[in-house]
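Encoded as structure tokens, the structure appears first; notes follow it.
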2 protein chains.
Amino acid sequence: MGRISAPERRSALVEAALRVVSRRGIAQATTRAIVAEAGMSLASFHYAFESRDELIDELITTVVAREQHAVLPEPVPGGDLREILEAGLLRYFEHLRADPEHEQAMLELTQYALRSLERHPLAVAQYARYAELAAHSLEVAASHAGTTWDRPVEQVARVLVAFTDGLTLTWLVDRDDDAARAVAHAAADALSRMAEPR
Amino acid sequence: MGRISAPERRSALVEAALRVVSRRGIAQATTRAIVAEAGMSLASFHYAFESRDELIDELITTVVAREQHAVLPEPVPGGDLREILEAGLLRYFEHLRADPEHEQAMLELTQYALRSLERHPLAVAQYARYAELAAHSLEVAASHAGTTWDRPVEQVARVLVAFTDGLTLTWLVDRDDDAARAVAHAAADALSRMAEPR
DNA sequence: GTGCGACTGGGACGACCGTCCCACTTCGGT
DNA sequence: ACCGAAGTGGGACGGTCGTCCCAGTCGCAC
């Protein structure tokens with residue numbers, strides 16, 4: 001292993017940890033497994049991080065900050081709100097199908113954070129970030145459809161996040177593409193009714 | 001510890017394991033923690049079960065079989081379909097608020113099962129059971145509202161399960177009651193549109 | 001080139017894990 | 001009363017965990 005500065009090592013370890021958590025789950029993300037994935041020795045781990053907990057915290061923070069697969073990157077032009085929303089949800093679904101392990105890892109990290117008092121805020125921040133991204137997408141969608149939301153967009157965003165989570169969780173279990181698309185359709189339908197009638 | 005037959009001990013251990021998983025998470029549900037919760041010695045554990053894995057498998061099976069907090073136990077009389085569905089979802093939400101640890105435990109057990117090939121079927125069975133209960137509730141609801149579903153009820157049920165999961169997950173993170181009720185409202189709205197217009 | 005601080009590797013530590021062994025006690029059938 | 005089977009308790013096993021120590025090596029400023 002060549003010589004790397006401590007900060008570089010930190011991010012290399014975070015990336016390695018994300019790969020291990022995605023592939024094998026957080027329970028299997030031991031210091032030794034992470035270090036092996038990064039191709040380092042155990043001592044390097046505790047040179048860069050004080051503890052495994054610190055690494056996991058930074059992993060969650062990093063990965064949440066990076067999160068940006070918004071549900072609606074570029075809405076379909078010419079469609080009405082419902083169609084734009086459904087296209088966005090289907091886009092998210094394709095992202096989920098392309099990298100299911102990543103979403104499963106995010107889910108596990110949330111649950112992990114939920115289990116300790118000092119880590120709970122990380123989970124809250126994660127979902128606040130989701131809601132923020134969702135709110136932005138919803139604003140873009142409404143603007144493209146030439147309409148406005150009939151309540152604060154943050155409230156609609158919260159519902160979108162819940163629908164997305166449900167779609168993710170159920171699809172991860174049964175891998176039923178058609179069912180997931182039905183969820184996307186129904187969710188888009190419900191959300192579109194939260195806009196002012198044109 | 002008095003003398004108990006092996007089968008009784010098995011179910012006592014399963015109950016103890018459920019309490020430990022609910023309270024502290026599956027990662028903390030060690031053989032010693034479970035045995036302490038049940039007030040037994042370690043030897044009794046391996047007298048009743050061959051391994052911890054066997055206990056966890058039986059825990060999942062048991063708890064899934066017992067699952068019956070259907071979303072719509074007794075629909076409100078006189079309401080239309082949307083109102084009946086929303087009342088059912090709110091009923092589920094009250095159940096979630098009353099015992100959040102149990103739903104969190106169920107979520108963790110699902111994720112745990114998803115992580116190994118031989119346990120994956122348990123997660124699938126868990127969600128098949130959810131869908132079954134949801135389908136039954138939906139049939140009751142449609143019948144009370146005097147309408148019928150415009151597609152196989154199993155498909156609607158799958159969507160309901162996804163919505164319920166999303167509501168659960170997001171509420172467990174932010175504990176925002178109003179937001180959860182908004183999800184229930186939107187979900188009921190979307191689902192009610194999957195019925196034949198009267 | 002020399003010194004010093006930053007970085008590295010291997011091995012060890014105590015704690016806890018799942019599992020197992022074995023001497024012991026209790027029970028039900030005879 | 002007795003005897004085999006069923007159930008119990010304590011202690012120990014090997015393995016893995018997170019963490020730590022320390023002797024060694026490298027890069028860079030002087």
Side-chain angles (χ1 to χ4, degrees), chain A residues 1-21 23-60 108-109 111-113 115-119 122, chain B residues 1-21 23-60 108-109 111-113 115-119 122:
Chain A
M1 201 61 210
R3 285 175 100 75
I4 316 178
S5 73
E8 288 179 73
R9 215 166 266 277
R10 280 178 77 96
S11 59
L13 281 166
V14 167
E15 295 307 318
L18 178 58
R19 287 195 297 274
V20 173
V21 172
R23 200 184 315 127
R24 307 208 273 142
I26 195 165
Q28 303 296 322
T30 65
T31 52
R32 284 166 178 81
I34 293 168
V35 145
E37 174 75 24
M40 309 181 187
S41 75
L42 265 176
S44 303
F45 185 102
H46 282 95
Y47 184 77
F49 286 98
E50 193 155 330
S51 66
R52 191 189 97 113
D53 280 354
E54 189 185 315
L55 186 260
I56 299 291
D57 285 1
E58 184 154 321
L59 170 60
I60 297 178
E108 278 189 32
L109 289 173
Q111 302 254 56
Y112 183 79
R115 276 297 176 189
S116 82
L117 266 80
E118 60 265 27
R119 240 180 293 271
L122 288 176
Chain B
M1 203 60 210
R3 285 176 98 77
I4 315 178
S5 72
E8 287 179 74
R9 216 165 264 278
R10 281 178 76 97
S11 58
L13 282 166
V14 167
E15 294 309 316
L18 178 58
R19 287 194 298 273
V20 174
V21 172
R23 199 183 317 126
R24 307 210 274 141
I26 194 166
Q28 305 294 324
T30 65
T31 53
R32 282 167 179 80
I34 294 168
V35 146
E37 174 74 25
M40 310 182 186
S41 74
L42 266 175
S44 303
F45 185 101
H46 282 96
Y47 184 77
F49 287 98
E50 193 155 331
S51 66
R52 191 189 96 113
D53 280 353
E54 189 184 317
L55 187 260
I56 298 293
D57 285 0
E58 183 152 322
L59 170 59
I60 297 178
E108 278 190 33
L109 289 174
Q111 302 256 57
Y112 183 79
R115 276 297 177 189
S116 83
L117 266 79
E118 60 265 27
R119 240 180 293 270
L122 287 177

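Sequence lines set the chain letters: A, B, ... in the order given, protein chains first and strands last, and positions in each chain run from 1.
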Spacing between [X] atom [atom1] and [N] atom [atom2], to the nearest angstrom:
X	N	atom1	atom2	value
A:Phe45	D:dG18	CZ	C1'	9 Å
A:Asp53	D:dG18	CG	C1'	10 Å
B:Glu54	C:dC20	CD	P	12 Å
B:Leu13	C:dG18	CG	P	13 Å
B:Leu42	C:dG18	CG	C1'	9 Å
B:Ile4	C:dC27	CD1	P	13 Å
B:Ile34	C:dC17	CD1	C1'	12 Å
B:Glu8	C:dC27	CD	P	14 Å

Subject >> side chain to side chain contact (heavy atoms under 4.5 Å, CB included) between A:Leu13 and A:Glu58, intermediate numbers included >> reply: CA-CA 10 Å; A:Leu13 281 166; A:Glu58 184 154 321; over 6 Å; no
**OP:** Check each residue of residues 26-33 of chain A for a non-hydrogen atom within less than 4.0 Å of any atom in DNA chain D, then write out the ones that pass by number, or none.
**Re:** A:Thr30, A:Thr31, A:Arg32
Subject >> side chain to side chain contact (heavy atoms under 4.5 Å, CB included) between A:Val14 and A:Phe49, worked out >> reply: CA-CA 10 Å; A:Val14 167; A:Phe49 286 98; 4.0 Å; yes
Minimum-distance nucleotide (side-chain atoms of [X] versus [options]):
X	options	value
B:Ala43	C:dC21, C:dA6, C:dG9	C:dC21
A:Arg52	C:dA6, D:dA12, D:dT19	D:dT19
A:His46	C:dG18, D:dC20, C:dG9	D:dC20

Original post:
Rounded to the nearest 0.5 Å, how far does CZ of A:Arg10 lie from CD of A:Glu15?
Top reply: 13.0 Å
Subject >> Separation between OG1 of B:Thr30 and CZ of B:Phe45, rounded to the nearest 0.5 Å >> reply: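 Going from OG1 on B:Thr30 over to CZ on B:Phe45, the span is 9.0 Å.
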**OP:** Return the minimal non-hydrogen interatomic distance between A:Ser11 and A:Glu8, and the atom names on each side.
**Re:** OG-O, 3.0 Å
Original post:
Do you know the tightest heavy-atom contact between B:Arg115 and A:Val21?
Top reply: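 Smallest heavy-atom distance, with atoms named: NH2-O, 3.1 Å.
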**OP:** Could you tell me whether a side-chain N or O of A:Glu108 sits under 3.5 Å from a main-chain N or O of A:Ile26, the two making a donor and an acceptor?
**Re:**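 Yes.
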